[in-house]
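Because the structure is a prediction, the values reported are computed rather than measured. Proteins get letters first, then strands, A, B, ... in listed order; numbering begins at 1 in each.
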Number of protein chains: 2
Amino acid sequence: MDDRKKKILQAVIDEYINTAEPVSSGALVKKYGLDYSSATVRNELAELESNGYLDKTHTSSGRVPSEKGYRFYVDELMKDDNVSLEEIKYIQEKLSTKINEIEDLTKITTSTISEITHYTTIAIGPRPETQIIEEIKFVLLGSRMLMVVIMTDNGLVKETIIKYEKDITQSQVETLNNLFNSKLKGKPLNKIDKPMEEYILSEINYSIDVIKPIIEQINKVIEQEEQVYYEGTGKSFDLPEFKSLEIAKNFVNVLDTKELMLEMLNSGMAKDINVYIGDENEQKELKDFSIVTFKHTVGDKELGTIGIIGPKRMNYSKVISVMKYISKKLNNNLQTNKPEQNDTNDTK
Amino acid sequence: MDDRKKKILQAVIDEYINTAEPVSSGALVKKYGLDYSSATVRNELAELESNGYLDKTHTSSGRVPSEKGYRFYVDELMKDDNVSLEEIKYIQEKLSTKINEIEDLTKITTSTISEITHYTTIAIGPRPETQIIEEIKFVLLGSRMLMVVIMTDNGLVKETIIKYEKDITQSQVETLNNLFNSKLKGKPLNKIDKPMEEYILSEINYSIDVIKPIIEQINKVIEQEEQVYYEGTGKSFDLPEFKSLEIAKNFVNVLDTKELMLEMLNSGMAKDINVYIGDENEQKELKDFSIVTFKHTVGDKELGTIGIIGPKRMNYSKVISVMKYISKKLNNNLQTNKPEQNDTNDTK
DNA sequence: ATTAGCACTGTTACTTGCGGAGTGCTAACT
DNA sequence: AGTTAGCACTCCGCAAGTAACAGTGCTAAT
């Protein structure tokens with residue numbers, strides 16, 4: 001692919017991303033100040049098409065990028081520092097609000113990205129199984145309310161409360177503390193499965209009524225971790241591709257299917273911006289959409305995944321630039337906060 | 001309005017709710033076994049129309065219910081015990097799962113309603129300002145992590161954690177306990193405003209660094225209470241009224257506007273099923289939709305509001321029947337659980 | 001290698017015509 | 001007086017036809 005072809009391909013894709021209309025040879029010459037006539041451009045376009053980078057909607061129409069075209073654009077052509085000064089300022093402002101919990105961080109990041117890119121943004125927290133239990137603490141509130149606090153190695157703290165109908169003694173609490181910590185400390189934050197439950201029950205000599213609800217609640221908390229956040233669902237509906245009711249319906253259904261979203265967000269690589277264009281998505285329901293995700297991490301610990309979903313005609317340059325910038329920013333911010341979290345972990 | 005008119009009006013609305021097509025005089029005679037000819041029915045229809053209960057889409061079309069027609073149907077004509085045995089069984093099964101927190105109850109109820117009615121369901125928990133703070137407890141975890149537990153009179157427990165960079169002493173915790181309880185116990189769960197914050201700060205002689213984060217976190221927890229749950233957003237898109245892109249877009253935007261949803265859910269009366277048909281909604285964005293809500297309560301305490309949103313051509317009979325049944329069921333279930341909650345409250 | 005010119009193709013928007021569904025009204029019937 | 005058969009009329013929806021037009025591919029000239 002020579003330079004001129006690249007230049008023309010880039011122009012076609014830029015123009016199509018802007019207008020959502022098939023791009024004609026004439027428009028390219030006029031708008032992009034090419035030094036060739038429309039006929040020459042036409043020849044080049046024909047070649048780009050036969051190489052699979054462009055498509056036509058019908059025999060005499062202008063050109064439209066193919067998935068291969070978008071892929072080439074993302075990999076080779078586009079700029080990935082397409083963030084304006086105002087946007088940088090806005091991002092810094094939003095990310096500088098004091099954040100105590102990772103959930104809040106996820107929410108704020110999600111909304112920031114959605115506001116700047118105008119696409120629908122989705123996010124999940126860290127996968128439970130990547131988190132290591134550092135300590136489980138049982139705290140008695142009154143005499144019939146037991147609070148369970150689970151602390152994980154990435155600084156997350158999860159609490160839940162169990163209400164009993166009988167009094168719980170302080171010595172029972174001690175036993176619980178020892179038992180659960182000896183069994184679960186250092187393990188990943190997976191749900192407590194049947195064998196483990198049996199094992200715990202076999203180790204303790206008092207009533208199943210006390211233990212059962214604890215296990216249930218812990219599992220519920222872990223399950224809750226798989227919540228999916230949305231931001232700006234409505235925004236996509238102003239895009240021209242959503243004039244097709246078929247696609248609009250598909251889009252809503254996709255967002256509505258939590259399992260699909262989880263699978264999709266979890267499939268990306270850490271440390272990278274992941275771009276899936278149309279059929280590149282593993283899930284066939286997503287074949288009409290493009291998705292860009294990244295995991296935000298501190299060191300090698302992942303704290304969650306954030307993704308954008310939109311039409312294949314997505315403003316990749318803007319989206320990827322913003323994500324790159326935010327990803328870097330998050331890492332910096334969290335890196336400097338890290339000592340504080342280590343401190344708190346040291347206190348036991 | 002005589003009996004025959006009522007019967008015909010009911011038939012028109014039933015038929016229209018089923019088919020989403022304008023109803024003709026002929027179809028009414030054929031399908032609903034009326035003892036009159038289509039001509040007679042035609043005369044009645046003309047009168048019902050001139051009285052405002054029916055509309056036409058064009059001069060020679062069949063009839064379509066007007067909002068006044070739907071209102072009359074809801075108030076006078078339809079059955080409100082339209083729940084099948086299978087549905088009752090299904091509801092009982094879903095609601096009988098053990099529930100520890102009101103949030104879970106809200107989620108389960110929401111999904112149950114959505115599954116049975118096939119409409120989009122939305123829900124919020126109890127409004128913070130209707131909840132009374134029974135007690136605030138500070139618990140030290142390690143030496144630099146402080147947990148704040150807020151218990152309210154409806155049995156809800158909210159926790160949050162604050163991480164400090166300096167050690168917190170047990171005596172400080174005592175002071176905090178006394179201070180916050182003396183100021184906030186018995187008050188509604190409103191955000192801590194500036195004057196109150198000033199006041200608390202003035203009462204205490206140690207560092208603002210300790211108090212500030214507590215107030216921030218408490219406010220954040222209270223704010224979080226205003227979360228809106230959705231279930232089955234995608235379901236509505238299969239309805240014929242959503243073929244109009246205009247309406248579909250509107251619908252998504254409405255759901256996307258949290259403030260609107262909160263306002264809408266909060267405006268209903270307690271102890272009642274509230275039905276808003278089209279223009280009856282206070283919010284003009286909802287004029288093309290119908291909404292049915294109810295607050296679930298125990299005694300005079302509200303625990304949340306659940307609502308259904310769908311097209312004006314909604315299956316009011318099914319929706320209202322299901323809501324009535326669930327509402328009653330919830331009240332019974334919670335009533336019998338109540339003692340348990342009182343117990344725990346007695347333990348301090 | 002580039003480009004002007006032109007035939008060709010498919011799209012979109014607009015008209016026209018026609019069958020069908022359903023109404024309103026009139027006149028006859030019970 | 002209420003009911004109904006019959007019929008003219010209205011409007012919708014669909015299909016076919018037409019014209020303007022945007023854009024291409026190809027040929028032949030530069």
Applying side-chain contact (heavy atoms from CB on, under 4.5 Å), run through A:Y16 and A:R313 and close with a yes or a no. CA-CA 8 Å; A:Y16 185 66; A:R313 182 189 65 84; 3.6 Å; yes
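- Within the 4.0 angstrom heavy-atom criterion, base atoms lie near B:T40.
- Distance CG (A:N43) to P (D:dT27): 12 Å, rounded to an integer number of Å.
- Protein atom CZ of A:R42 is 11 Å distant from nucleotide atom P of D:dG23, rounded to whole Å.
- Listed by residue number, B:H58, B:T59, B:S60 are the residues of residues 45-69 of chain B with a heavy-atom contact under 4.0 Å to DNA chain D.
- Using a 4.0 Å cut-off between a side-chain N of Lys or Arg and a carboxylate O of Asp or Glu, B:D3 and B:K7 do not qualify as a salt bridge.
- The number of heavy atoms from other shown groups lying within 6.0 Å of NZ (B:K243) does not exceed 12.
- The residue B:S25 sits close only to the backbone: its heavy atoms come under 4.0 Å of sugar-phosphate atoms, none of a base.
- Of the candidates A:Y276, A:Y70, A:Y316, A:Y119, A:Y316 is the only one forming a side chain to side chain donor-acceptor pair (under 3.5 Å) with A:S290.
- Of the N and O atoms on the side chains of B:E115 and B:Y90, at least one donor lies less than 3.5 Å from an acceptor on the other residue.
- Between chain A and DNA chain C, the heavy-atom contact criterion of under 4.0 Å yields a 5' to 3' nucleotide range of C:dT2 to C:dT11.
- Taking atom CG of B:D2 as the reference point, atom P of D:dG2 lies 11 Å away to the nearest angstrom.
- As rounded to whole Å, 10 Å separates atom P of D:dT3 from atom CD1 of B:I8.
- Within 6.0 Å of NZ on B:K68 lie more than 12 heavy atoms contributed by other residues, nucleotides or ligands.
- A salt bridge between A:E47 and A:K5 is present, with a side-chain N of the basic residue lying under 4.0 Å from a carboxylate O of the acidic one.
- The ring pair (Phe, Tyr, Trp, His ring centres under 6.0 Å) test applied to B:F72 returns B:Y53, not counting sequence neighbours.
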